[in-house]
Amino acid sequence: MSYADKVFIDMCKDIIENGTSTEGEKVRPVWEDGTSAYTIKKFGVVNRYDLSKEFPALTLRKTAIKSCTDEMLWIWQRKSNNINDLSSHIWDSWADEEGSIGKAYGYQMSVKHQYKEGMMDQVDRVIYDLKHNPYSRRIMTNIYVHQDLHEMNLYPCAYSMTFNVTKELDSDKLTLNGILNQRSQDVLAANNWNVCQYAVLMHMLAQVCDMKVGEFVHVIADAHIYDKHVPMIKELISREPLPAPKFWLNPEIKDFYKFTKDDVRLEGYETHPQIKNIPIAI
């Protein structure tokens, strides 16, 4: 069975059985009809995936690997905050008439900062350090910039990546590990989407920096299931997990900025039917 399925099932059961409810409280999100969107939530969920052993795609339902990769590249590679640069429509609800989501996500990745080595944005700084200072304990990004929050149409949910490099005794290559910090997550709509896209990011960075992939740790401060999603989650986690797929990344690409969504695929990816018509709180 897919290890990602086990992690997801255990997490969802824990939230439903041991979580706390926000019903009746003052909450920001609303459903399309304007009614409050309440959740069952758990604080401080930590999930670990060993990317050297298995790619963490759910088989309980399909995760669209090319679409989630495209969104990751929209932020990390194209460094865009405009939905017209994105293939999917997942950000449409937060875009203005020009397609901008404000000073969020890709915008923050595009901002150049002064370092001793010169002016670089956060992505280029990460790649520079992985290649030149791999044992640095300062290789990280952060897009939760307080001075710009008032100009963001949605505050960043997945806001920080910290990279850490190790070396196994019997290996001639360094190992890239990473921690994704997320302040909030809609478990049904976004959990495996985020897990897969940051797993792809780690594979890409490892390849262009001549490293192996290691552990991916996902830290979620507020992991929640919306009230309207509970029946869908219960049906989803009742399904029998299938074997994990194999991940393929185009081995010819050695420059992070040359990757496209077509340079990734999941081989042997068998899944249960998709959960359709998921209501999204905004």
Side-chain angles (χ1 to χ4, degrees), residues 2-4 6-8 10-11 14-15 41-58 63 68-69 71-73 75-77 79 104-106 108-109 113 120-146 155-168 171 173-187 190-224 247 249 256 264:
S2 165
Y3 179 73
K6 180 183 185 305
V7 170
F8 186 82
D10 290 346
M11 173 179 62
D14 188 34
I15 293 171
K41 56 182 275 187
K42 281 284 289 187
F43 166 70
V45 171
V46 180
N47 295 324
R48 306 181 78 102
Y49 307 88
D50 188 343
L51 302 183
S52 70
K53 294 181 179 178
E54 192 172 290
F55 190 83
L58 285 186
T63 296
C68 73
T69 296
E71 189 205 17
M72 181 274 291
L73 292 174
I75 297 167
W76 281 76
Q77 186 197 75
K79 302 166 190 174
Y105 287 92
Q108 296 298 334
M109 290 302 201
H113 303 274
M120 283 181 268
D121 63 41
Q122 294 189 63
V123 179
D124 287 338
R125 179 76 220 194
V126 165
I127 295 171
Y128 177 89
D129 278 337
L130 290 177
K131 290 182 175 181
H132 297 91
N133 309 301
Y135 286 108
S136 171
R137 298 187 291 268
R138 302 172 179 178
I139 308 177
M140 62 181 295
T141 61
N142 181 17
I143 59 174
Y144 202 91
V145 179
H146 284 259
Y155 291 6
C157 296
Y159 66 90
S160 174
M161 272 295 287
T162 302
F163 299 95
N164 191 273
V165 174
T166 55
K167 189 173 189 301
E168 299 167 17
S171 175
K173 282 192 175 184
L174 298 177
T175 298
L176 178 64
N177 308 286
I179 299 175
L180 173 64
N181 276 291
Q182 192 152 0
R183 64 170 179 84
S184 170
Q185 185 172 75
D186 177 341
V187 167
N191 179 262
N192 199 240
W193 179 275
N194 290 143
V195 169
C196 285
Q197 63 187 176
Y198 281 89
V200 170
L201 173 66
M202 287 187 58
H203 274 279
M204 288 180 171
L205 290 175
Q207 179 164 301
V208 301
C209 296
D210 195 30
M211 296 181 184
K212 302 188 302 182
V213 286
E215 274 201 291
F216 169 57
V217 181
H218 189 193
V219 180
I220 313 168
D222 189 307
H224 53 265
F247 178 72
L249 179 65
F256 178 69
V264 304

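Judged purely by atom type and a 3.5 angstrom limit, Arg183 has no side-chain atom pairing as donor or acceptor with the backbone of Tyr159. Checked by atom type and distance alone, the side chain of Thr63 never pairs as donor or acceptor with a backbone atom of Trp193 at under 3.5 Å.
No hydrogens or angles considered: nothing links the side chains of Gln122 and Gln108 as a donor-acceptor pair under 3.5 Å. Using a 3.5 Å distance cut-off with no hydrogens or angles, the side chains of Thr162 and Asn181 do not pair a donor with an acceptor.
Taking the side chain to side chain contact (heavy atoms under 4.5 Å, CB included) definition, one finds that His132 meets it with Tyr128, sequence neighbours left out. Taking the salt bridge (Lys or Arg N to Asp or Glu O under 4.0 Å) definition, one finds that Lys6 meets it with Asp10, sequence neighbours left out. For the salt bridge (Lys or Arg N to Asp or Glu O under 4.0 Å) test, no residue two or more places apart in sequence or in another chain qualifies with Lys167. Among residues two or more places apart in sequence or in another chain, the ring pair (Phe, Tyr, Trp, His ring centres under 6.0 Å) test is passed with Phe8 by none. In this view, Val123 and Trp76, Lys79, Met109, Asp121, Ile127, Phe256, Tyr257 satisfy the side chain to side chain contact (heavy atoms under 4.5 Å, CB included) rule, not counting sequence neighbours. For Phe43, there are no ring pair (Phe, Tyr, Trp, His ring centres under 6.0 Å) partners, not counting sequence neighbours. Take Phe163 and apply the ring pair (Phe, Tyr, Trp, His ring centres under 6.0 Å) test, not counting sequence neighbours, and it matches no residue. When the side chain to side chain contact (heavy atoms under 4.5 Å, CB included) test is applied to Gln207, the partners found at least two apart in sequence or on another chain are Leu249, Ile253, Lys254, Phe259. Contacts of Ser52 classified as side-chain hydrogen bond (donor to acceptor under 3.5 Å, both in side chains), with partners at least two apart in sequence or in another chain: Asp50.
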(request) Take Met161 and Val126 through the test side-chain contact (heavy atoms from CB on, under 4.5 Å) and record every step on the way to the result. (result) CA-CA 10 Å; Met161 272 295 287; Val126 165; over 6 Å; no

(request) Could you walk me through whether Thr166 and Asn177 pass the side-chain contact (heavy atoms from CB on, under 4.5 Å) test, one step at a time? (result) CA-CA 8 Å; Thr166 55; Asn177 308 286; 3.1 Å; yes

(request) Using the side-chain contact (heavy atoms from CB on, under 4.5 Å) rule, take Tyr155 and Ser184 through it: C-alpha gap first, then chi angles, then the decisive distance, then the call. (result) CA-CA 10 Å; Tyr155 291 6; Ser184 170; over 6 Å; no

(request) Given side-chain contact (heavy atoms from CB on, under 4.5 Å), test Thr141 with Arg125 step by step and report yes or no. (result) CA-CA 9 Å; Thr141 61; Arg125 179 76 220 194; over 6 Å; no

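Using a cutoff of 4.0 Å between basic side-chain nitrogens and carboxylate oxygens, Asp129 and Arg138 are not scored as salt-bridged.
Listed by first and then second residue, the salt bridge (charged side-chain N to carboxylate O under 4.0 Å, His left out) pairs that reach into residues 196-208 come to none, sequence neighbours excluded. Judged as a salt bridge (charged side-chain N to carboxylate O under 4.0 Å, His left out), not a single pair has a partner in residues 192-203 (not counting sequence neighbours).
Taking all atoms of both residues into account, the shortest heavy-atom contact from Met140 to Ser160 is CE-OG, 3.9 Å. Across all non-hydrogen atoms, the minimal contact from Cys196 to Pro56 is SG-O, 3.7 Å.
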Would you give me the side-chain donor-acceptor pairs under 3.5 Å for residues 211-223, sequence neighbours excluded?
| from | atom 1 | to | atom 2 | distance (Å) |
| --- | --- | --- | --- | --- |
| Lys212 | NZ | Glu168 | OE1 | 3.4 |
| Lys212 | NZ | Ser171 | OG | 3.2 |
| Glu215 | OE1 | Arg48 | NH2 | 3.0 |
| Glu215 | OE2 | Arg48 | NE | 3.0 |
| His218 | NE2 | Gln182 | OE1 | 2.8 |
| Asp222 | OD1 | His224 | ND1 | 3.0 |
| Asp222 | OD2 | Lys41 | NZ | 2.8 |

